[in-house]
Amino acid sequence: MTVTTGSAIDTLWYTRCPVPTASGLANNLGWLGRTAETAGVQFGVLQDAGPELAVRHFDHQLPGLIREGGNVPALAARAEGSPTRLIGLTWIDEAQAIVVRGEADVRDATGLRGLRIGIPAWAADRARSFPRAMALHGLASALRLGGLTFADVHLVEVPTTPAPQVRTANPDRNTTWGVEPLLAGDVDAIYVKGARAQEVAREHGLAVAVDLDSTDTLRDRVNNGTPRPVTVHQDLLEQRPDIVIGLLAESLRAADWAAANVEQVRAVFQTETQSGPEGVVAAYGENFHTGLHLSLSDERVDLLGVQKQFLYAHGFLAHDFDLASWVAHEPLRQARAQLDAETAAAQ
């Protein structure tokens with residue numbers, strides 16, 4: 001991999017996954033563009049920039065990039081040498097489940113014994129193999145709840161390209177890998193997550209065998225989006241820390257705003273997640289808008305460590321690396337201090 005460093009920063013690039021995030025909300029409100037304008041740089045959203053830059057969402061090889069998204073690509077990129085720093089983590093549960101056909105008599109984790117479980121195939125590289133990583137970790141968590149292991153089920157590879165009837169508007173944003181093989185009877189159960197997955201499950205009469213969101217411990221819910229990292233290219237952090245702090249401040253501001261504006265927030269995230277209002281509520285709950293704040297608490301960092309070790313053990317990371325040295329605490333501290341000062345000045 002070619003690591004691009006040292007370039008002068010003239011554009012703030014932002015990228016995110018199609019899930020509820022404070023930065024996504026701040027972007028929709030125009031606040032991230034405001035940060036770039038104040039800093040005297042251009043502002044670009046990777047999803048609007050065309051296919052030639054799309055890969056940067058996964059390899060993080062863009063000097064002016066800030067990314068909020070799934071942890072599998074972020075961890076995989078860091079393990080392969082991408083010069084990034086971790087500057088924030090969120091935790092928003094997103095309806096993780098193992099589902100079966102509606103007529104199947106499987107309604108708990110012990111019922112998974114002996115079943116054929118659909119697992120997405122490997123993609124072009126480790127970072128883009130996040131569907132496989134999600135399904136494996138979700139299944140591992142479900143099996144553990146039933147006192148089972150991978151040895152107690154049959155793993156069946158399924159395509160990561162969905163069939164037309166379950167395809168979303170943007171295939172890269174699909175979260176329903178394996179639905180077609182499940183409906184065809186080629187597998188007995190699959191892992192799903194998120195708003196669109198909930199809608200697809202209802203549309204096809206699928207039943208929840210294991211609801212991972214109902215588990216008591218956060219460790220049983222660790223996956224690609226839990227916790228979800230905010231990462232920044234090292235060049236941007238070193239050359240323009242003011243931009244990084246400003247963007248984090250706008251994300252914190254958006255999280256504060258979201259807590260008091262639930263209807264507007266739901267409207268934004270229906271577009272972000274490509275689902276209807278029922279799908280957003282089903283996937284993220286009635287009160288997800290109150291929990292969008294970033295943190296680098298010991299608990300969240302430790303939970304990301306759980307994910308890192310799972311990914312390394314199952315071949316999703318090229319190398320292991322020290323998680324603590326990846327974390328940059330100061331930008332988030334300064335962003336909070338900036339907001340506190342603004343609040344105090346306004347009173």
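Note that this is a predicted model, so its numbers are computed, not measured. Numbering of residues begins at 1 and proceeds along the displayed sequence.
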If hydrophobic clusters are built by linking Ile, Leu, Val, Met, Phe, Trp and Tyr wherever their side-chain heavy atoms come under 4.5 Å apart, do [X] and [Y] end up in the same one?
X	Y	result
Val306	Leu323	no
Ile245	Leu65	no
Leu136	Val222	no

Using a strict threshold of under 4.0 Å (side-chain N to carboxylate O), is an ion pair present between Asp235 and Arg240?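 So Arg240 does not pair with Asp235 through a salt bridge.
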
Indicate yes or no: does Arg228 engage Glu94 in a salt bridge with an N to O separation below 4.0 Å.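 Salt bridge flag = yes for Glu94 with Arg228.
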
Measure the acute angle between the ring planes of Phe150 and His314, then classify it against the limits of 30° and 60° as parallel, tilted or perpendicular.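 Taking His314 first and then Phe150, their aromatic rings stand perpendicular (interplane angle over 60°).
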
According to the interplanar angle, ranging from 0 to 90°, do the rings of Phe58 and Phe130 count as parallel (below 30°), tilted (30 to 60°) or perpendicular (above 60°)?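 Taking Phe130 first and then Phe58, their aromatic rings lie parallel (interplane angle under 30°).
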
Let me confirm one number: the [atom1]-[atom2] distance from [X] to [Y], rounded to the nearest 0.5 Å.
X	Y	atom1	atom2	value
Leu237	Ile87	CG	CD1	7.0 Å
Asp48	Leu53	CG	CG	11.0 Å
His154	Leu115	NE2	CG	8.5 Å
Arg221	Lys193	CZ	NZ	15.0 Å
Ile190	Ile119	CD1	CD1	10.0 Å
Ile243	Leu248	CD1	CG	12.0 Å

Are the side chain of Asn71 and the backbone N or O of Pro227 linked by a donor-acceptor pair below 3.5 Å?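 Between the backbone of Pro227 and the side chain of Asn71 there is a qualifying donor-acceptor contact (under 3.5 Å).
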
Between Tyr14 and Gly33, is there a donor-acceptor pair closer than 3.5 Å when you use the side chain of the first and the backbone of the second?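 Absent.
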
Decide yes or no for [X] and [Y]: does some side-chain heavy atom of the first lie under 4.5 Å from some side-chain heavy atom of the second?
X	Y	value
Leu206	Leu183	yes
Leu317	Lys308	yes
Trp91	Leu218	yes
Leu112	Leu143	yes
Met134	Trp177	yes
Leu12	Leu236	yes
Val232	Thr84	no
Val192	Val200	no

Pairs flagged by side chain to side chain donor-acceptor pair (under 3.5 Å) wherever residues 29-40 is involved - sequence neighbours left out: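 Listed by first then second residue: Arg34-Glu250.
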
Which residue pairs pass the side chain to side chain donor-acceptor pair (under 3.5 Å) test with at least one member in residues 336-346, sequence neighbours excluded?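 Pairs touching residues 336-346 that pass the test: Arg253-Glu342.
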
If you look only at distance, which donor and acceptor atoms sit under 3.5 Å apart when one is on a side chain in residues 297-305 and the other is two or more places apart or in another chain?
unit_1, atom_1, unit_2, atom_2, d
Ser297, OG, Arg300, N, 3.2
Arg300, NH1, Leu89, O, 2.7
Arg300, NH1, His293, O, 3.2

Ring-face cation contact, Phe321 with Arg78, 6.0 Å cut, 45° max: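 Verdict for Phe321: a cation-pi partner in Arg78.
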
Name all residues meeting the side-chain contact (heavy atoms from CB on, under 4.5 Å) criterion together with Thr149; count only those two or more places apart in sequence or in a different chain, and write none if there are none.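 Result, side-chain contact (heavy atoms from CB on, under 4.5 Å) vs Thr149: Ala151, Asp152.
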
Taking Ser82 as the fixed residue, which of Arg56, Gln61, His60 is the one that meets the side chain to side chain donor-acceptor pair (under 3.5 Å) rule?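 The option that passes is Gln61.
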
Side chain to side chain contact (heavy atoms under 4.5 Å, CB included) evaluation trace for Gln264 with Trp257: CA-CA 10 Å; Gln264 296 96 314; Trp257 181 88; 3.6 Å; yes

Without hydrogens or angle criteria, can the side chains of [X] and [Y] be said to hold a donor-acceptor pair below 3.5 Å?
X	Y	result
Gln96	Asn223	yes
Trp326	Thr231	no
His319	Glu80	no

Glu103: which residues meet the salt bridge (charged side-chain N to carboxylate O under 4.0 Å, His left out) condition with it, sequence neighbours left out?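 Scan of Glu103 (salt bridge (charged side-chain N to carboxylate O under 4.0 Å, His left out), adjacent residues dropped) gives Arg101.
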
Using the side chain to side chain contact (heavy atoms under 4.5 Å, CB included) rule, take Cys17 and Arg67 through it: C-alpha gap first, then chi angles, then the decisive distance, then the call. CA-CA 9 Å; Cys17 290; Arg67 177 188 186 276; 4.2 Å; yes

Would you mind listing every salt bridge (charged side-chain N to carboxylate O under 4.0 Å, His left out) that reaches into residues 140-149, with sequence neighbours excluded?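 Residue pairs with at least one partner in residues 140-149: Arg144-Asp220.
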
